[in-house]
Amino acid sequence: MLLEGKKGLVLNATNKNSLGWAIAERANQEGAIVGIGAQNERMLAGVEKLIEGREGFETFTIDFSFEEQYGLLAEQVDKKLGKLDFLVHSVGYAPKEALAGRFIDTKLDDFLVAMNASAYSMVRLCKEMEPFLNEDASVITLSYLGSTRAALDYNIMGMCKAALESAVRYLAVDLGDRGIRVNTVSPGPVNTVSGRGVKGLTTKIDHVFDTAPLKRPYAQAEAANATLYLLSDLGKGVSGQVLMVDSGYSIMAL
Ligand SMILES: NC(=O)c1ccc[n+]([C@@H]2O[C@H](COP(=O)([O-])OP(=O)(O)OC[C@H]3O[C@@H](n4cnc5c(N)ncnc54)[C@H](O)[C@@H]3O)[C@@H](O)[C@H]2O)c1
């Protein structure tokens, strides 16, 4: 098993469709003890149902909108898990009004909320978890092609993902002297709560399926498997990268 004897933290998941859950479940199947997070107590009830009857899970709550919750998370990690071999940041949020219409109309308040939840949270999380990360640990965040392309209605999230991918490169430098790798996994559109927050998800999924080199469906499992590679020792030589998991869609041009 690829993660036998390893411990890690995956933040956050909402339900069985969450990429965070797919990654946590896959890591657990490969022998890891996994801390899985939810944004608040209400959402934690859903996550607790997912892990019911399974071994090797601990639960956490954190809402990245509240600075004081990072310290509380650290206390919980210290108590329940101790040192970590991997850390997965699987979080994105932008106010609904900033995810439709003209990007040029983005309001400062919405920009700040989205950036804080979706990009700065990765930096702040790494800072808080740094003392817990073992040498050679692996840190992953989730991004989307809208970081480098103008994706319809993705708007402010495109800027957030660009900032996130940039943060990954700087974090890879800061943490690299202890052998800690920091990478981004970038799936194509997948049917999740966040995915449905951007208009036209089904059309986008169909478009990728019609256009991408691999003419077969991809979803949570493919993203989780690619993440597993980077979390495991198989990915030991890789840092600061964006790994596209989109059936090859992002290489295409007309
Ligand atoms: N679904 C897609 O099409 C797709 C494609 C590429 C990348 N992603 C990225 O994958 C990651 C996971 O999203 P998902 O698609 O699994 O959706 P999801 O809605 O299942 O998961 C997103 C999680 O982020 C949490 N979250 C939002 N704001 C938060 C905050 N302020 N503090 C703490 N947690 C917060 C939510 O509670 C939820 O658990 C996100 O970064 C998303 O942008 C999704």
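Read the numbers this way: they start at 1 and go in the same order the structure lists the ligands and their atoms.
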Would you check the N or O atoms of Pro189, main chain and side chain alike, for any that come under 3.5 Å of an N or O of ligand 1?
no
What residue and atom, counting heavy atoms only, is the protein's closest point to atom 15 (O) of ligand 1, and at what distance?
Thr192 OG1, 2.5 Å
Tell me which protein heavy atom sits closest to atom 23 (C) of ligand 1, plus the residue, atom name and distance to 0.1 Å.
Ser90 O, 3.6 Å
Do you know which of Asp136, Asp85, Asp233 makes salt bridge (charged side-chain N to carboxylate O under 4.0 Å, His left out) with Lys6?
Asp233
Taking heavy atoms and a distance under 4.0 Å, where does Ile62 meet ligand 1: side chain, backbone, both or neither?
backbone
Which residue supplies the protein heavy atom nearest to atom 6 (C) of ligand 1, what is that atom called, and how far is it?
Ser143 O, 3.2 Å
Would you mind finding which of Lys204, Gln39, Arg196 brings a heavy atom closest to atom 27 (C) of ligand 1?
Gln39
Met43: numbered ligand 1 atoms lying under 4.0 Å from its heavy atoms
37 (O)
Would Val91 count as a polar contact of ligand 1, with the cut-off being nitrogen or oxygen pairs under 3.5 Å?
yes
Can you get from Met122 to Leu133 by hopping between Ile, Leu, Val, Met, Phe, Trp and Tyr side chains that sit under 4.5 Å apart?
yes
Shortest protein heavy-atom distance from atom 9 (C) of ligand 1, along with the residue and atom involved
Leu142 CB, 3.8 Å
On the six-membered ring of Phe86, is Lys7 placed so that its NZ or CZ lies under 6.0 angstrom from the centre and within 45° of the ring axis?
no
What I want to know is whether Thr14 and ligand 1 share at least one N or O pair that is separated by under 3.5 angstrom.
yes
Do you know the tightest heavy-atom contact between Val91 and Asn12?
CG2-N, 3.7 Å
Can you check whether Val245 reaches Leu243 side chain to side chain, under 4.5 Å on heavy atoms?
yes
Note the single closest protein heavy atom to atom 34 (N) of ligand 1, along with its residue, its atom name and the distance in Å.
Asn12 ND2, 3.0 Å
Nearest non-hydrogen atom to atom 5 (C) of ligand 1 belongs to which of Gly195, Gly188, Gly46?
Gly188
Near Phe64, which atoms of ligand 1 are under 4.0 Å from a heavy atom of that residue?
30 (C), 31 (N), 32 (N), 33 (C)
Sub-4.0 Å atoms of ligand 1 with respect to non-hydrogen atoms of Ser18:
16 (O), 18 (P), 20 (O)
Can a donor-acceptor pair be found between the side chains of Glu165 and Thr184 at a distance below 3.5 Å?
no
Would a line drawn from the ring center of Tyr120 to the ring center of Phe64 be shorter than 6.0 Å?
no
Residue pair Asn40 / Asp63, side-chain donor-acceptor N/O under 3.5 Å
no
For ligand 1 and Ala117, I'd like to know whether there is a polar contact (N/O to N/O, distance under 3.5 Å).
no
For atom 22 (C) of ligand 1, what is the nearest protein heavy atom, given as residue, atom name and distance?
Ser194 OG, 3.4 Å
Does some side-chain heavy atom of Thr192 sit less than 4.5 Å from a side-chain heavy atom of Ser18?
no
Under-4.0 Å heavy-atom contact with ligand 1, by part of Ala38 that carries it:
neither
Any side-chain donor-acceptor pair under 3.5 Å between Arg54 and Asn28?
no
Ignoring hydrogens and angles, tell me if any N or O in the side chain of Lys80 forms a donor-acceptor pair with the backbone of Thr59 under 3.5 Å.
yes
With no hydrogens and no angle check, is any side-chain donor or acceptor of Lys199 less than 3.5 Å from a backbone partner on Tyr154?
no
Which atoms of ligand 1 have any heavy atom of Ala13 under 4.0 Å away?
39 (O)
Which residue supplies the protein heavy atom nearest to atom 44 (C) of ligand 1, what is that atom called, and how far is it?
Leu19 CD1, 3.6 Å
For Lys16, which residues count as a side chain to side chain contact (heavy atoms under 4.5 Å, CB included) partner, sequence neighbours excluded?
Trp21, Leu50
Nearest option to atom 42 (C) of ligand 1, as decided by whichever heavy atom of Lys161, Gln69, Gln220 sits closest
Lys161
Atoms of ligand 1 less than 4.0 Å from Ser65 heavy atoms?
31 (N)
Within 4.0 Å of some non-hydrogen atom of Tyr93, the atoms of ligand 1 are 27 (C), 28 (N)
Nearest non-hydrogen protein atom to atom 31 (N) of ligand 1, with distance, is Asp63 OD1, 3.1 Å
Following the transitive rule for hydrophobic clusters with a side-chain heavy-atom cut-off under 4.5 Å over Ile, Leu, Val, Met, Phe, Trp and Tyr, establish whether Leu9 and Leu142 coincide in one cluster.
no
